[in-house]
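Below you'll find the structure, written out as structure tokens, and then a few comments.
Hydrogens, waters and symmetry mates are skipped; everything else that's a heavy atom, side chains included, is used.
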Protein chains: 2
Amino acid sequence: MNKVDDTCLVECVHSDNVEQVVLKMEPDENLFLLAELFKAFGDSTRIRILHALSFSELCVCDLAHLLNMSSSAISHQLRVLRGQKIVKYRKDGKNVIYSLVDAHVATLLEQGLQHVNE
Amino acid sequence: MNKVDDTCLVECVHSDNVEQVVLKMEPDENLFLLAELFKAFGDSTRIRILHALSFSELCVCDLAHLLNMSSSAISHQLRVLRGQKIVKYRKDGKNVIYSLVDAHVATLLEQGLQHVNE
DNA sequence: CCAACGATTGAATATATGTTCATGTATGCA
DNA sequence: TGCATACATGAACATATATTCAATCGTTGG
């Protein structure tokens with residue numbers, strides 16, 4: 001069984017447009033990574049973490065208090081953000097202090113907020 | 001049972017930092033909406049749709065061919081994008097032609113791609 | 001050294017989500 | 001009018017994901 005929709009015949013396609021677009025499309029691999037990046041932003045817990053970090057670096061415990069959540073839950077989410085290279089961290093004694101990797105991340109957040117508050 | 005982590009005592013918090021951040025935080029409602037927005041970007045099918053639409057407006061059938069997926073699957077995802085006001089559409093006979101709502105969306109995509117291709 | 005604390009991790013569970021399949025709606029053409 | 005096409009939608013299923021709970025690791029202070 002094929003994933004292509006058999007009910008949609010070739011004739012319906014605006015061939016000129018589609019071919020133009022095909023040529024310009026990024027490789028699927030890049031688009032997949034892009035989706036993974038946005039997915040990391042696509043959770044209210046992680047967004048709140050990132051929003052908080054846009055003002056100041058914070059340790060896990062700070063974040064847990066700030067968001068009124070367990071430090072375990074926070075840590076799990078920070079792991080996701082680390083995986084996407086959205087946050088970085090440094091150790092300070094018993095604490096681990098997190099911050100945004102660069103201003104680029106803050107810009108994305110800002111752009112998104114503008115869209116929401118349009 | 002409380003969601004707050006009992007193992008993390010008040011003493012560990014960097015009170016000064018946290019209080020500063022609390023004052024600057026956006027309302028949770030806005031951050032929730034922001035997460036929903038990014039969530040809409042956080043799927044490879046939807047990202048490919050948006051990326052394609054950043055080059056040209058396209059009907060459902062065009063998109064289905066372009067992504068080699070059923071028009072049903074595409075339609076479901078377009079519904080999500082419509083819900084977040086990321087795409088708009090106009091009817092043209094039997095076709096429904098989709099496009100990005102504004103340049104703002106394209107900017108977000110571009111910003112994200114830059115981060116991925118860093 | 002040991003006890004306490006901050007943080008991380010793995011397993012488990014409940015929930016959310018994407019695609020398929022079947023069906024329904026609307027438009028255009030014979 | 002009847003039929004095929006383009007699209008939308010609802011239900012179902014399989015998969016992904018967020019939080020909790022329990023256990024562990026690393027660091028610090030007594």
Side-chain angles (χ1 to χ4, degrees), chain A residues 1-14 18 32 35-36 38-49 57-84 87-98, chain B residues 1-14 18 32 35-36 38-49 57-84 87-98:
Chain A
M1 191 66 77
N2 199 330
K3 289 173 67 180
V4 178
D5 188 357
D6 306 320
T7 69
C8 189
L9 301 179
V10 176
E11 291 80 29
C12 91
V13 176
H14 304 94
V18 173
F32 178 79
E36 292 301 304
F38 281 123
K39 195 177 294 183
F41 284 82
D43 173 79
S44 56
T45 295
R46 289 194 293 269
I47 277 289
R48 287 187 298 158
I49 290 175
E57 60 176 17
L58 294 165
C59 72
V60 176
C61 193
D62 289 339
L63 287 166
H65 279 265
L66 206 57
L67 307 189
N68 199 38
M69 292 178 65
S70 73
S71 54
S72 175
I74 298 293
S75 198
H76 276 295
Q77 298 308 334
L78 284 170
R79 181 178 162 82
V80 175
L81 295 172
R82 277 191 333 250
Q84 288 297 317
V87 300
K88 63 181 192 293
Y89 65 95
R90 65 183 172 83
K91 293 200 164 190
D92 178 34
K94 282 183 291 189
N95 295 320
V96 177
I97 301 185
Y98 282 85
Chain B
M1 192 65 77
N2 199 331
K3 289 172 67 179
V4 177
D5 188 358
D6 305 320
T7 68
C8 189
L9 302 179
V10 176
E11 291 80 29
C12 90
V13 178
H14 304 94
V18 173
F32 178 79
E36 291 302 303
F38 281 122
K39 195 177 296 183
F41 284 82
D43 173 79
S44 56
T45 296
R46 289 193 293 268
I47 277 289
R48 286 187 299 158
I49 290 175
E57 60 176 15
L58 294 165
C59 71
V60 176
C61 192
D62 289 339
L63 287 166
H65 280 264
L66 205 58
L67 307 190
N68 198 38
M69 292 180 65
S70 72
S71 54
S72 175
I74 299 291
S75 198
H76 276 295
Q77 298 307 335
L78 285 170
R79 181 178 161 82
V80 175
L81 296 172
R82 277 189 336 251
Q84 289 296 319
V87 300
K88 64 181 189 294
Y89 65 95
R90 65 184 171 84
K91 294 200 163 190
D92 179 34
K94 280 183 295 188
N95 294 319
V96 178
I97 301 185
Y98 282 85

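- When the side-chain nitrogen and oxygen atoms of B:K91 are compared with OP1 and OP2 of D:dC7, none of them lie within a distance under 4.0 Å.
- At D:dT9, one or more side-chain N or O atoms of B:R82 fall inside 4.0 Å of OP1 or OP2 (strictly under the cut-off).
- OP1 or OP2 of D:dT9 sits under 4.0 Å from a side-chain N or O of B:R79.
- Within 3.5 Å, no donor on the side chain of B:S75 pairs with an acceptor on the base of D:dT9, nor the reverse.
- The ring of B:H76 lies on top of the base of D:dT9, close enough and flat enough: under 5.5 Å between centres, under 30° between planes.
- The residue among A:K94 and A:V80 whose nearest nucleotide of DNA chain D is located toward the 5' end is A:V80.
- B:D92 places no side-chain N or O within 3.5 Å of a backbone atom of B:N95 that could act as its donor or acceptor partner.
- When each of A:E36 and A:D92 is assigned the nucleotide of DNA chain D bearing its nearest heavy atom, the one mapping closer to the 5' terminus is A:E36.
- Side-chain nitrogen and oxygen atoms of A:S70 include at least one within less than 4.0 Å of the OP1 or OP2 phosphate oxygen of D:dT20.
- Nearest to the side chain of A:Q77, among C:dT8, D:dA18, D:dT20, sits D:dA18.
- Listed pair A:Y98 / C:dG6 fails the phosphate criterion, with no side-chain N or O lying under 4.0 Å from OP1 or OP2.
- Rounded to an integer number of Å, the gap from CD of A:Q84 to C1' of D:dT17 is 14 Å.
- For the OP1/OP2 pair of D:dA18 and a distance below 4.0 Å, the side-chain nitrogens and oxygens of A:R48 include no atom meeting the criterion.
- Counting atom types as modelled, B:S72 pairs a side-chain N or O with a base atom of C:dC21 as donor and acceptor under 3.5 Å.
- For C:dG18, one of the phosphate oxygens OP1 or OP2 lies less than 4.0 angstrom from a side-chain nitrogen or oxygen of B:R46.
- Judged by the 6.0 Å distance and 45° axis criteria, A:R82 is positioned over the aromatic ring of A:Y89.
- Rounded to an integer number of Å, the gap from A:I74 CD1 to C:dT9 P is 15 Å.
- B:N95 has its CG atom 17 Å from the P atom of C:dA26, to the nearest Å.
- In terms of phosphate contacts, A:K39 brings no side-chain nitrogen or oxygen within less than 4.0 Å of OP1 or OP2 of D:dA16.
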